[in-house]
Amino acid sequence: MDQFWENQYIQIAAYYSVVILCMVVFLAIFEAVTKYKNWEEIKKGNIAVAMATGGKIFGVANIFRHTIEHHTSVLTMVGWGIYGFVLLLVGYFIFEFLTPKFKIDDEIQHDNRAVGLISMVISIGLSYVIGAGIS
C-alpha cells in the first residue's frame with residue numbers, strides 16, 4: 001500500500017484535489033467577508049470584482065504552489081496553506097484599513113476597475129511574499 005501513496009501521479013492527484021477543496025472553502029470565506037456576492041457580480045459583468053476575485057484565486061494557488069514545493073505531506077501542505085490564506089485575508093483587511101477615504105468593497109461592487117486592479121495586485125504580491133516565507 002505504501003507504493004500506492006508514493007506514486008507521483010497519486011501524489012499530484014492528492015495535492016490537486018485538496019487544493020481545489022481548500023480553494024472552494026477559502027473563496028467562500030472571502031465572499032463572507034465582502035459586502036458583495038462575487039459570482040453574482042461576475043455574472044453581471046463586473047470587471048472589478050472579477051479582477052479582485054482572480055487575484056485572490058491566483059494568490060491562494062501561488063501560496064499552495066510554495067507549500068507543495070517545500071513540504072512532503074498533504075497534511076503539512078494544508079496546514080501551511082491555511083496559514084498563508086489567513087495572512088492573505090489579514091492583508092485584505094489591512095488594505096481596507098489603509099484606505100479610509102473610501103470603502104474598498106463599495107468601490108469594487110460599483111465596478112471601480114482601478115480599485116479592482118489594485119486589489120488583484122495586492123493579493124498576488126502578498127502571495128509571493130507569503131510563499132517565500134513558507135519556503
Exercise for the section: Identify, with sequence neighbours excluded, every residue that meets side-chain hydrogen bond (donor to acceptor under 3.5 Å, both in side chains) alongside Tyr36. Expected result: none

Practice task
Indicate, with yes or no, if the rings of Phe30 and Phe85 have centres closer together than 6.0 Å.
Solution key: yes

Exercise for the section: List in chain and number order the residues that pass side-chain contact (heavy atoms from CB on, under 4.5 Å) with Ser123, two or more places apart in sequence or in another chain; answer none if no residue qualifies. Expected result: Lys56

Practice task
Consider only side-chain heavy atoms of I, L, V, M, F, W and Y, link residues closer than 4.5 Å, and tell whether Phe58 and Val86 are in one cluster.
Solution key: no

Problem - Spacing of CD1 belonging to Ile42 relative to CE belonging to Met51, to within rounding of 0.5 Å - result: 11.0 Å

Practice task
In plain terms, say whether Lys43 and Glu40 are close enough for a salt bridge, that is, a side-chain N and a carboxylate O under 4.0 Å apart.
Solution key: no

Exercise for the section: With sequence neighbours left out, write down each residue that passes side-chain contact (heavy atoms from CB on, under 4.5 Å) with Glu69, or none if nothing qualifies. Expected result: Arg65, His66

Practice task
Indicate yes or no for a side-chain donor-acceptor contact from Asn112 to the backbone of Ala48 under 3.5 Å, with no hydrogens or angles considered.
Solution key: no

Fill in the blank from the handout: With sequence neighbours left out, the residues meeting side-chain contact (heavy atoms from CB on, under 4.5 Å) with Ile57 are Met23, Leu27, Trp39, Thr53

Handout entry: Joint cluster assignment, Val25 & Val19, ILVMFWY side-chain distance < 4.5 Å
Key = yes

Handout entry: Side chains of Gln11 and Asn7 in contact at under 4.5 Å (non-hydrogen atoms)
Key = no

Fill in the blank from the handout: Residue set satisfying ring pair (Phe, Tyr, Trp, His ring centres under 6.0 Å) with Tyr83, at least two apart, ordered chain then number -> Trp80

Problem - Criterion side chain to side chain contact (heavy atoms under 4.5 Å, CB included) on Thr67 and Val78, from CA distance to verdict - result: CA-CA 8 Å; Thr67 65; Val78 169; over 6 Å; no

Completion exercise
In terms of heavy-atom contacts, Val74 and Ala14 come closest through CG2-CB, 4.2 Å

Exercise for the section: Supply the atom-to-atom distance Ile134 CD1 to Thr76 OG1, rounded to the nearest 0.5 angstrom. Expected result: 12.0 Å

Problem - Close side-chain approach of Ile104 and Phe102, heavy atoms under 4.5 Å - result: yes

Practice task
Output the distance between atom CE (Met77) and atom CD1 (Ile82), rounded to the nearest 0.5 Å.
Solution key: 9.5 Å

Exercise for the section: Kindly indicate whether the side chain of Phe64, heavy atoms from C-beta on, has any atom under 4.5 Å from the side chain of Tyr16. Expected result: no

Fill in the blank from the handout: Heavy atoms of Ile47 and Asp111 approach each other most closely as N-OD1, 3.0 Å

Exercise for the section: For side chain to side chain contact (heavy atoms under 4.5 Å, CB included), just list the numbers for Val33 and Phe93, CA-CA rounded to whole Å, side-chain angles, deciding distance to a tenth of an Å, and then say yes or no. Expected result: CA-CA 9 Å; Val33 300; Phe93 289 123; 4.0 Å; yes

Practice task
Kindly indicate whether the side chain of Asp105, heavy atoms from C-beta on, has any atom under 4.5 Å from the side chain of Tyr92.
Solution key: yes

Practice task
Apply side chain to side chain contact (heavy atoms under 4.5 Å, CB included) to the pair Leu88 and Val60, showing each step before the final yes or no.
Solution key: CA-CA 8 Å; Leu88 199 61; Val60 169; 4.0 Å; yes

Handout entry: Residue pair Ile108 / Ser119, side-chain heavy-atom distance below 4.5 Å
Key = yes

Practice task
Please write out which residues are connected to Val24 in a hydrophobic cluster, directly or through intermediates, given that two of Ile, Leu, Val, Met, Phe, Trp, Tyr count as joined at side-chain heavy-atom separations below 4.5 angstrom.
Solution key: none

